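These numbers come from a predicted model, not from an experiment. The sequence lines fix the lettering, A, B, ..., with proteins before strands; numbering per chain opens at 1.
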2 protein chains.
Amino acid sequence: MSFKQQLNDQFARLGKVLSNGRRLELLEHLAQGERSVDGLARVAGLSVANASQHLRRMQQAGLVVARREGKQVIYAIAADDVVELLDVFRRVGERHLAEVRQMVDAHLHEKDALEPVSAEELVERCRKGLVTLIDVRPEEEYEAGHIPGAMNVTIEDLERRMAELDPEREVIAYCRGPYCTFSFEAVARLREAGFRTRRLEPGFPEWKLAGLPISTEEKAAS
Amino acid sequence: MSFKQQLNDQFARLGKVLSNGRRLELLEHLAQGERSVDGLARVAGLSVANASQHLRRMQQAGLVVARREGKQVIYAIAADDVVELLDVFRRVGERHLAEVRQMVDAHLHEKDALEPVSAEELVERCRKGLVTLIDVRPEEEYEAGHIPGAMNVTIEDLERRMAELDPEREVIAYCRGPYCTFSFEAVARLREAGFRTRRLEPGFPEWKLAGLPISTEEKAAS
DNA sequence: GGCAAATTCAATTGAGTGGTTGAATAACTC
DNA sequence: GAGTTATTCAACCACTCAATTGAATTTGCC
């Protein structure tokens, strides 16, 4: 077997890691911040043993790193370029896999009724103090890092905490990324309740990757 | 099975396509330009039936497109973002797969003895008329598109045609991309023969992707 | 229509993968 | 050190995949 073939076989190992939906899901969660094995197993709906297997495989491929912290093993994305890869991967997938386009169109976008706000636009509007920014991810992920000035309101809390929002200000919601449904849902519900609302185009990982400021201050401070 | 899981399974299909060394090799060749099934089978060292299977699979995933031309079926990369994906994929692979780093270090780079020239630098030097640019890929790929002003000298022809090169000018060689060995080999041989030589950092696909000018003029014109 | 070339299809084989289960290991607590 | 919790290991089964082989299909040419 030629050198070229051996080399391509090595690269193919990376492809193998990305060739399983469960692993992609785990990577998506890890892109939000580091987590323990059973934390990941819970959010991804997998058995602990199964999640552990997938994580170990990704570790061998160098995409994630693990460290021990007491009884727990904490996994994290190995480097920013992995998030970048995931992003390109998703973009190409969305463009080229007919099935993805169909699924996304059918389930998520009510066409562009929920027209997104770009990162630049958000920065501008925040500066002017025109908007309320909400982070629709679970509390754990919010605490691991969020956009400065965002308040954490999960989907479950949304109805209950709507009263806290100023109806005069536009509400902008963001979540994990372009294929996370939280922000779509939040926007839909807030619209029903009469708010002017839009979703932020990038998710938190894309925001972070772009080098924009992030914050890890406690919930109370927002 | 949740929507999120289904969606990730769809994306995983893309990973599956990239999870095989032979397919990656075919994509690398296709990134040089379109080719027929048996042309691809020959350059990749596969049986025609096997190449056909791989190509059909990549077609189903939307990464390549096929068109009939007489008796032959011509395959081509579906869009530029596929080349971009391949590029990110290789970059991440090189950084994160320890085995790749080892193999590449051992076989290709005699460390940076063959320090590469960037695309910008080449454009600058070409403008000043300081360098001879050679394209070390097979004739077919050269004819499908090359950097303007480059002369096509394959590895096989190199020894024989060295006399055509001006020993006073620096010679810059390029080939298929960062994991193609042709330009390394050409540079090594030319150095032995006493030429000042370097290799171009990007390969032809990367050059094209960057939107830099390309030419398809006949060999005689160079 | 009959023949040849290029490609695809269909069936088969051996190897690898994903998920489950139950046992083994590691670290902390008492 | 016994007990508890978090993680990994090992064995297993059903399933998918890569490559080969030979037949079938499509197209062009006489």
Would you indicate, yes or no, if dT7(D) has its OP1 or OP2 atom less than 4.0 angstrom from a side-chain nitrogen or oxygen of S52(A)?
-> no
Please list, chain by chain and in numerical order, all residues satisfying salt bridge (Lys or Arg N to Asp or Glu O under 4.0 Å) with D87(B), sequence neighbours excluded.
-> none
Across all chains, not counting sequence neighbours, the side-chain hydrogen bond (donor to acceptor under 3.5 Å, both in side chains) partners of D135(B) are R137(B), Y174(B)
Rounded to whole Å, CG of N50(A) lies from C1' of dC12(D) at a distance of 15 Å
For Q59(A), check side-chain hydrogen bond (donor to acceptor under 3.5 Å, both in side chains) against everything at least two apart and list the hits.
-> none
What pairs with E206(B) under side-chain hydrogen bond (donor to acceptor under 3.5 Å, both in side chains), at least two apart in sequence or on another chain?
-> none
For A12(A), what residues pass the side chain to side chain contact (heavy atoms under 4.5 Å, CB included) criterion, not counting sequence neighbours?
-> L24(B)
Can you tell which of dA6(D), dT7(D), dA18(D) lies closest to the side chain of K71(A)?
-> dA6(D)
In short, V136(A) meets F182(A) closest at the heavy-atom pair O-CD1, 3.6 Å
To the nearest angstrom, how far is Q53(A) atom CD from dC13(D) atom C1'?
-> 14 Å
Look at E25(B) together with R22(B) and state whether they make a salt bridge at an N to O cut-off of under 4.0 Å.
-> yes
Minimal non-hydrogen separation, V83(B) against P205(B), with atom names | CG1-CB, 4.2 Å
What residues in residues 55-69 of chain B put a non-hydrogen atom under 4.0 Å from any atom of DNA chain D?
-> R57(B), R68(B)
Comparing nearest nucleotides in DNA chain C, the 5'-proximal residue of the pair N20(A), G70(A) is N20(A)
In plain terms, say whether D9(A) and R13(A) are close enough for a salt bridge, that is, a side-chain N and a carboxylate O under 4.0 Å apart.
-> no
DNA chain C: 5'-most and 3'-most nucleotides touching chain A, 4.0 angstrom heavy-atom criterion = dT17(C) to dC28(C)
Would you mind writing out the side-chain donor-acceptor pairs for residues 68-75 of chain A within the sub-3.5 Å range, not counting sequence neighbours?
{"unit_1": "R68(A)", "atom_1": "NE", "unit_2": "G70(A)", "atom_2": "O", "d": "3.3"}
{"unit_1": "R68(A)", "atom_1": "NH2", "unit_2": "K71(A)", "atom_2": "O", "d": "3.3"}
{"unit_1": "E69(A)", "atom_1": "OE2", "unit_2": "R67(A)", "atom_2": "NE", "d": "3.4"}
{"unit_1": "E69(A)", "atom_1": "OE2", "unit_2": "R67(A)", "atom_2": "NH2", "d": "2.7"}

Between the two end axes of the helix from dG1(C)-dC30(D) to dC30(C)-dG1(D), each built from 5 base pairs, what angle do you get to the nearest 10°?
-> 20°
Count the heavy atoms belonging to other residues, nucleotides or ligands that lie under 6.0 Å from CD of E140(B), then report whether that count exceeds 12.
-> no
Whole Å only: how far is the NZ atom of K16(B) from the C1' atom of dC17(D)?
-> 10 Å
Separation of dT7(D) atom C1' from Y75(A) atom OH, nearest Å, is 8 Å
E141(B): salt bridge (Lys or Arg N to Asp or Glu O under 4.0 Å) partners, not counting sequence neighbours = R35(B), R176(B)
side-chain hydrogen bond (donor to acceptor under 3.5 Å, both in side chains) partners for S118(A), two or more places apart = E120(A)
Return the residues of residues 24-46 of chain A meeting this criterion: a heavy atom under 4.0 Å from some atom of DNA chain C. Order them by number, or give none.
-> none
